[in-house]
Amino acid sequence: MNNKSVLICEDDEGIIDIAQIVLSDKGYSVICLVNSYNIYSVIEAKKPDLLILDLWISGTSGEEITRTLKADSTKKHIPVIIMSAHKNGPAIAREAGAEGFLRKPFDINELEEIVEQFL
Amino acid sequence: MENKGIPSTIYDDNKKEPVKDQPGDTGAYNFLAGGGVMGERIRSKDWSKTPLGPVEEWPQNLQTIVRIMLTSRQPIWIGWGPELIKLYNDPYISIVGGKHPEALGQPASVVWQDIWHDIEPMLQQVMEKDEGTYVESQLLIMERYGYAEETYYTFSYNPVPSPQGGVAGMICTNTDDTRRVIGERQLALLRSLTAETVDARTIEDACFLAARSLTYNRHDLPFALLYLLDTARNEVYLAGTSNIEKNHPAVPERVSLEADSVWPFLEVSQTGRPVIIENVDKHFEGLPTGAWQRPPSQAVAVPIPHSGETGKPGVLVIGLNPYRKFDEGYQGFINLVAGQIGSSISNALAYEEERRRAEALAEIDRAKTLFFSNVSHEFRTPLTLMLGPIEDTLAEKDKLTSEQFQRAEILHRNALRLLRLVNALLEFSRIEAGRVQARFEPTDLATITADLASSFRSAIEKAGMELTVETAIIEGPVYVDHEMWEKIVLNLLSNAFKYTLQGQIKVRVTPAGEGNAVELSVTDSGVGIPENEMPHLFERFHRVEGVAGRTIEGTGIGLALVQELVKLHGGSIQVSSVLGQGSTFTVTIPLGSNHLPPQQVAETGTTSSIRSRLNSYAQEALGWVEEAETSLASEWVDTVGFGGELEDNFEGVGAEKEIPTLPRILLADDNADMRQYVRRLLSEKYTVEAVSDGQAALEAARRNRPDLILSDVMMPRLDGFGLLKALRTGDDTRTIPVIMLSARAGEEASVEGLNAGADDYLTKPFSARELLARVAAHLELARVRRESEAAIQRSRDEAERQRQQLYRTFMQAPVAISVLRGEDLVVDLSNPVNQRMVANRAIIGKPLKEAYPEIPPETLEIFYRVYRTGQPYSARELLTPLDLNNTGELTQRYWNVAYEPMRSETDQVEGIITVSVDVTSEVLARQIIEESEERFRTLADNISQLTWMADEDGDIYWFNQRWYDFTGTTMADMAGQGWQQMIQPEQAERVKEKFTFHIQAGKDWEDTFQICGKDGNYSWFLSRAIPIRDKNGKIYRWFGTNTDITERLELEKRRDEFIGIASHELKTPLTSIKGYNQLLERIVRDSGNEKAKLYLTKANVYIGRLNSLIADLLDVSRIQAGRLDFNIGEFDFDDLVKEAVESIQPTTNHELKVNGKAETLVTGDRNRLEQVITNLLTNAVKYSPQASEVLIRVTRDDANVELEVQDFGIGIARDKQNKIFDRFYRVESSAKGFSGLGIGLFISSEIIKRHQGELAVESEEGQGSTFSFTIPISPD
């Protein structure tokens, strides 16, 4: 058991569900958001150790959230993983300043591995 | 009356003092305010006594124009009413001159009495026709300053309309052009004076030309006399006149400076100043008037300055323009004229002196040559007279002792030799004087030379030597003068023989140069020439010393003459020689005649017979041999002391007197004594054939045409008249001159003879002199007649030949040609095409009008005009009706015609050549094209695209209406390349460049860019242009379309978005499925439920397949949209292959065997290439279910890597192989039971193409397939 928390923002409930199961099993506390409307206040409040953001999420896009956070000196240390099925996903993620990328569809091993890299 | 805008005080320009309005003037006078002198006069004049009536009653329009007139600074006059009562302003006073002030209020006809006939017609036009007129620079002799003066005015007469209709009066504005007109003509004179005298080469010329050009300005120089100073005789003499007869009393030929003369020559030449002579018209009656009606009353004499050393002083007397004051301007002009004449004279003089010097030198040379020539002549006459008696003596050999005979022979030979020397000298002087009349004619040089050479054969062989003659075929014509060529050959041969005592002489004629010359060489095996003598060999009279020869004769002139003759042929002569071994002389002359003076070239050769005299060369040579045999010659020569000439080497063999064929005279007389007498008289100069009667004479004449016949009248068988008649009826004998001889005295006899057609008549007894004179005269007459007839015939033949040739050309011409002759334009020729035009009607010999009755008179007139004026006529697409089918039915046809006048030798128009080309079908075709183009444009205007047409250079000349509607432009804005300004500026450069490239290359053009609409917004257009070619494949037009693709682009954008969203939307649930599946797997894994484990593994495989299907579908969409993205980077190719193999290996039982390594980094999209390899491997596995392995081979060369995937499966039929890379294609028949969308290979192929490579397959049905691709290691 560790005290690390992961915030995952993804509008597909299945993915949220799976991520929560997998990551909880690994001992992370998982914060789930199905849209990004309140994401900044959630981050402010919960201070997660890792963000996993869908690229196209209802509300502010994962790309834009990443840019905003990486411009904020109090938040930029938080690693960000962007996940997307988009062909150009990796490039967009790198451009925005994200530390990791997870291509959809991913399998749970990949999810576990990438989270472990950052936490 | 209002006075708006006119100040109450007006300043008169002339007086600069205020002129007050007349106190008490009422409104009626306000329009007369100001206006200076004339304003004052008009105001103060009592107009009620004139047809204009009192000022208060003047109509409004008169008031207005009077106001205009008074305020104008231009000379203006007004003529009012039918009588044109005159009003004028201050500036005009100088024009009315002495008639001021009476002219005010007078009718124009009174004022302008002196020029009324000039201006009346114009004024009538103004007043009666209500038309303004304009006269430019009209000459008016006016008295403006107290004398009649030449003035030029430009008048503009304008009618002033009456409110009631018609013309109430007129206003005339005037512009003084006097200074301009005079200035221009003076300038023109100075220009032509300079231009015309510039070529003068003598003083006389300069003066004559100068005087002549003075006639061009008869206004300012009514007459002129040009005198030059003869300082030696202290007088002047006339050198030129202009516009005055030389025998006029005012034009003395020579005048002593002391003498009393009207013209002040002394004063002018002493003071160097002009002097005016008054009242010249009183001094001389009938002086020329120049351009004027009256003679000058003044003249001026000005000095002609002489410039430099070569000038010659003189005096120019000029009658002065009676209508011009001799003011500074005039004086200046005269000075300029005199100055120009002076410099012309000095220029000419300079030239003349130069020429004199050159001539003096030439004269000395001529004198020398003439002396030479004279001396030769003087020698020749006594020599000829000497030779006669010597020959007579030799002829009487039997009466001489042998000693006498030998002496006479020696005498004869030496006289001949002297004569030849003299002749050679004469020849030389002729060449020097340029009087050699050569006749260069095409010649078979080989034959003529061989003939000449062989005449020496017997002499050479007699001397125990050998003569060889070699001739080669000469390609191309050789032009030589036969006589000269003979001299060249014979001189060289004679030399060779002379200096060769044994061995051989070789003559060769061969081609030389690069086939553009011919060479004659004469080689001997003789004594040779010492080297130090070679440079002087061809110098005249040069002697080579101490050389042994066959004879001592020689003048040292022969080779010099040969060289001159060769030079005349444009050739050269060379010599090479080895002392003691022999010499070769080589003459080279160019082929053809271009290097020869054309007038001395004859194109037809005479028979190249060798003339009789050439034998004398050979005879002489033979003589040398004989002399040597008898050795008498040297003995005799020694005795008489000719030995001193032993060193005299080269023989000159000059021209001898030619012996022409003697004229033949046929004599018919029955009296034998008479025959003998006449024969004796004539035989010295003529060949005489004597017969005893007319019949014999006739037969003789027919057999061998004599040059002249002398015939007795009374003869047996056929008498003289009978003979004459018979001769005159024979074609060959008709022109033989016949002189009748008769004993019948008296006039009537001769008349009878002449009537009968004799040429002359001699009455017996006649003197020998008379007979000889008559015979000679008639022969000469006949010769001249023959020659002129021949010349006429030749020129007729030539003209006829040319005509025939022209007609032949016409007959074969593919266009209609006819020749019309004479005033009535009679058809002389109508070629086949022309005949078709008239349905083969017989038109030859008919006048034009009858030949073509259908041609309308106005068209006929065109032909007559060409004939009358000699001006050619040509027209395009002339519509002329013609009766083409000879049915009387006229058909309208279009013709391109040219009617060319045909001229005789004397330049008279004698006919017309017509050339007509039927262009009806072209015109109609064009009309159809024009119509169809019109239809097309109508169509194009109604389609939704913007369309245009451009010429072959891409210059657009037409847009459809949609273009204008969209862009809001006009054709004027758009012409040529104007459309390019409508392109979005950032794209413009790129678009222009591409467009220009495609137009020049003649290739279809396609581009996408934005065009500015009339609202200023840009829309996207897909523009295309295709070339339109004529039947020869030549581009003559471009057709272009612009399709608005804004909407399409919008759609594409939306599709891209859709693809993105679709991939997101499809893959997100897939992620979840996969996730749950894996979670389930984990649970099952721990539970040990093997069945569940198997099912879940299978579910995973299908999830993977679904995933790749989605990915493939999206890729296809992207490829279709041209939006397949690539992430290019560098990667290790072997790693890639390894990963791909590892990803597939777990899914199959096949063994995937990798052979070879690339061992290189490759630039490309790693993921995409992995996709390709995976696809190939998947296929290989899929389509080889029975096989146990798949072979993968990796190879590379310097630039490329290649990957092969070989399976041992079902293979692909050959006819299907080319389709497998198509989208959605599945190998159906044999691949049943294999799943797949059939897009994998399509995507792979596209990916490899994008990597600049190619995906290929080799397969045989049932044997398996090998797929391979090659891509560059570093793509461009």
Side-chain angles (χ1 to χ4, degrees), chain A residues 6 8-28 30 32-36 52-59 61-63 81-95 100-115, chain B residues 1056-1083 1085-1086 1096-1097 1099-1119 1121 1123-1129 1143 1165-1168 1170-1171 1243 1247:
Chain A
V6 177
I8 180 158
C9 184
E10 161 66 62
D11 50 6
D12 183 84
E13 286 177 14
I15 292 174
I16 289 209
D17 191 21
I18 290 164
Q20 190 162 20
I21 294 165
V22 169
L23 297 179
S24 301
D25 281 0
K26 288 283 173 184
Y28 303 111
V30 180
C32 297
L33 291 176
V34 294
N35 61 53
S36 63
I52 300 176
L53 307 174
D54 187 17
L55 190 58
W56 290 344
I57 181 78
S58 312
S61 77
E63 180 189 357
I81 297 167
I82 283 181
M83 54 184 174
S84 172
H86 196 276
K87 202 80 206 172
N88 287 338
I92 296 170
R94 199 164 46 242
E95 191 80 359
F101 180 76
L102 197 54
R103 177 175 298 286
K104 289 180 185 176
F106 51 84
D107 69 35
I108 53 176
N109 299 322
E110 286 173 337
L111 178 63
E112 283 169 359
E113 277 166 27
I114 198 165
V115 170
Chain B
D1056 280 356
E1057 280 171 14
F1058 169 77
I1059 290 168
I1061 290 163
S1063 87
H1064 180 256
E1065 291 298 324
L1066 286 171
K1067 286 186 175 178
T1068 300
L1070 198 60
T1071 311
S1072 300
I1073 295 169
K1074 201 172 175 178
Y1076 283 119
N1077 206 52
Q1078 280 182 319
L1079 285 174
L1080 208 53
E1081 263 185 313
R1082 285 183 181 181
I1083 296 165
R1085 192 175 57 204
D1086 298 338
L1096 282 173
T1097 307
N1100 245 343
V1101 169
Y1102 286 102
I1103 290 165
R1105 195 173 289 170
L1106 185 59
N1107 185 33
S1108 54
L1109 281 177
I1110 292 167
D1112 282 354
L1113 266 177
L1114 292 173
D1115 281 346
V1116 170
S1117 312
R1118 289 195 183 100
I1119 289 169
R1123 294 276 189 283
L1124 194 63
D1125 297 311
F1126 285 83
N1127 289 312
I1128 305 297
S1143 72
D1165 186 325
R1166 193 181 195 280
N1167 289 335
R1168 288 293 183 190
E1170 186 175 355
Q1171 192 181 340
I1243 294 168
I1247 290 170

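Numbers restart at 1 for each chain; the letters A, B, ... are given by sequence-line order, proteins then strands. Please read all numbers here as calculations on a predicted model, not as lab measurements.
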query = If every non-hydrogen atom of A:P105 is compared with every non-hydrogen atom of B:L1070, which pair is closest and at what distance?
reply = CG-CD2, 3.9 Å

request  = Work out which heavy atom in A:I18 is nearest to a heavy atom in B:S1072; give both atom names and the distance.
outcome  = CD1-O, 2.9 Å

task = Please examine the side chains of B:L1079 and A:I21, heavy atoms only from C-beta on, and report whether any two atoms are closer than 4.5 Å.
result = yes

task = Under the salt bridge (charged side-chain N to carboxylate O under 4.0 Å, His left out) rule, collect the residues that match up with B:R1082, sequence neighbours excluded.
result = A:E112

query = Could you give the distance from CD1 (A:I108) to CD (B:E1081), rounded to the nearest 0.5 Å?
reply = 7.5 Å

message = To the nearest 0.5 Å, what is the distance between NZ on A:K104 and CG on B:N1107?
response = 12.5 Å

note = Ranking A:D11, A:D12, A:D54 by heavy-atom pairs under 4.5 Å to chain B gives rank one to A:D12

request  = Flag the one option from A:S84, A:A19, A:A85 with the top tally of heavy-atom pairs under 4.5 Å to chain B.
outcome  = A:A85

